[in-house]
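The structure displayed is predicted, hence computed values, not measured ones. Counting starts at 1 for both ligands and their atoms, following the listed order.
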Amino acid sequence: MDSILVKGNGALSGVIPIAGAKNACLTLMPATLLSEEPLTLTNAPRLADVRMMTTLLQSLGAEVTSMSQGQVLAMSSHDISNLTADYDIVRKMRASILVLGPLLARFGQAVVSLPGGCAIGARPVDLHLQALEALGARLDLRDGYVHASVPGGRLKGAVIDFPLVSVGATENALMAAVLAKGTTEIRNAAREPEIVDLAHCLQKMGAQIEGEGTSTLTIQGVDRLCGATHPVVTDRIELGTYMLAPAICGGEVELLGGRLDLVAAFAEKLDAAGIQVSETVRGLKVSRGGNRVKAVDVVTAPFPGFPTDLQAQMMALMCTAEGVSVLEERIFENRFMHAPELMRMGARIEVHGGTATVTGVPRLKGAPVMATDLRASISLILAGLAAEGETVVSRVYHLDRGYERVEEKLSAVGAKIERIRGE
Ligand code: UD1
């Protein structure tokens, strides 16, 4: 298994190109199942999870061709031959559940394995299932699979009122509703940029959707959707992660393709911590002078709040801040697994339930650490850049699921980072 070696670093400078969003791409890809005409995605990120979704779609009979070194995905679901998403693929990636809505909407039936438990809390899919039932699906849970069918063959528009905001459940409901008969209103919908991106792609395919980016989505079902070509929105989590590199090491880095509206709540916190963020014609520029970063408090929330997917990385910054910072995790239980690893590097952190209190120390010390999930892995790399000596992050397969060419991107701005190939 590969590991990443990071050495304590001086100031960074240069540019980092930001890729298309993993989480947008993983929901745009299943949208191909809604139409028999081709759907082409551009600006796709080159990630293990995207390859996994490719395998899943191919197992259903879709054609997926990766072009331009993986940045273009040409898909066709003309000849879907299998309506079962197998456990072997689904267990490796939760986003697999996103094929359920589209399959049901177009074919009136589907069998999808339930995703397994996940390292960051229980993460059920009950809201996905309730939404599909509201649209008229019959669901039967047996042998670890959801066996779904639609009496009469076509879903019917309905009011879906989510008791809590869920990104994935909103996406599944939206993809199911675009082909349902009649009008669907999704209340308490997620407002994440990835949902807006999905809505825009579906609109290009002929879907009638209003209210994207607000908490109420109104969908007028259509009989069929056509093909489209769509660029995947910028990855706001990759963007925020690399904004933290100069924030932690000092220096100035320009993030190509970065947009302030995608990371507004996060940028506000950086500003409060004493980091300069400004817009450029090509993206965003982040710089930090000689002063020590100030401690700030963070509460994670659905968009437009502070993203849970940047909490671990922000904690890495707070480890060396001046003062005490309180980080509250409100989206997922058990999402502080990076804290004990950061403590191995000399960080002072106390975790009580969903709250972590970080008392900044002047300098972290390099240590061997273990990555436990995707965002935790990158937070340990960021911390390693700020630490004295060498840090070896092992178990980085998580990292490759969500960050393309991390060593390349960080070394281009002067970071001392390299991959040690495992057996
Ligand atoms: C998506 C992202 C993930 C991100 C998260 C929050 C993808 C593939 N994943 O995950 O990277 O961290 O949004 O921005 O896009 N919940 C239920 N029942 C459900 C669904 C969710 O109780 O059926 C709960 C979850 O346990 C969690 C909360 O709702 O507490 C939010 O989860 P959700 O927004 O659905 O996250 P995901 O779609 O899994």
List every atom of ligand 1 that sits less than 4.0 Å from any heavy atom of [X], numbering the atoms from 1 in the order shown and giving each element.
X: H128; result: 23 (O)
X: I331; result: 27 (C), 30 (O), 31 (C)
X: V167; result: 1 (C), 13 (O), 14 (O), 33 (P), 34 (O), 35 (O), 38 (O)
X: G168; result: 35 (O), 38 (O)
X: R335; result: 12 (O)
X: R94; result: 39 (O)

Practice problem: Would you sort out whether R224 and E37 count as a salt bridge (charged side-chain N to carboxylate O under 4.0 Å, His left out), showing the intermediate values? | Solution: CA-CA 10 Å; R224 57 182 297 279; E37 292 181 26; 2.9 Å; yes

*State whether the shortest distance between N or O atoms of E192 and N or O atoms of ligand 1 falls below 3.5 angstrom.*
no

Checklist entry - For ligand 1, which part of D309 has a heavy atom less than 4.0 Å away: the side chain, the backbone, both, or neither? => result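 Side chain only.
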
- Taking heavy atoms and a distance under 4.0 Å, where does L129 meet ligand 1: side chain, backbone, both or neither?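 Neither; no heavy atom under 4.0 Å.
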
- request: Starting from the C-alpha separation in whole Å, work towards a yes-or-no answer on salt bridge (charged side-chain N to carboxylate O under 4.0 Å, His left out) for E333 and R335.
  value: CA-CA 6 Å; E333 63 202 89; R335 206 183 192 179; over 6 Å; no

Note to self: One thing to verify: whether K285 and E254 come together as a salt bridge, which I'm taking to mean a side-chain N less than 4.0 angstrom from a carboxylate O.
What the structure shows: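 So E254 does not pair with K285 through a salt bridge.
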
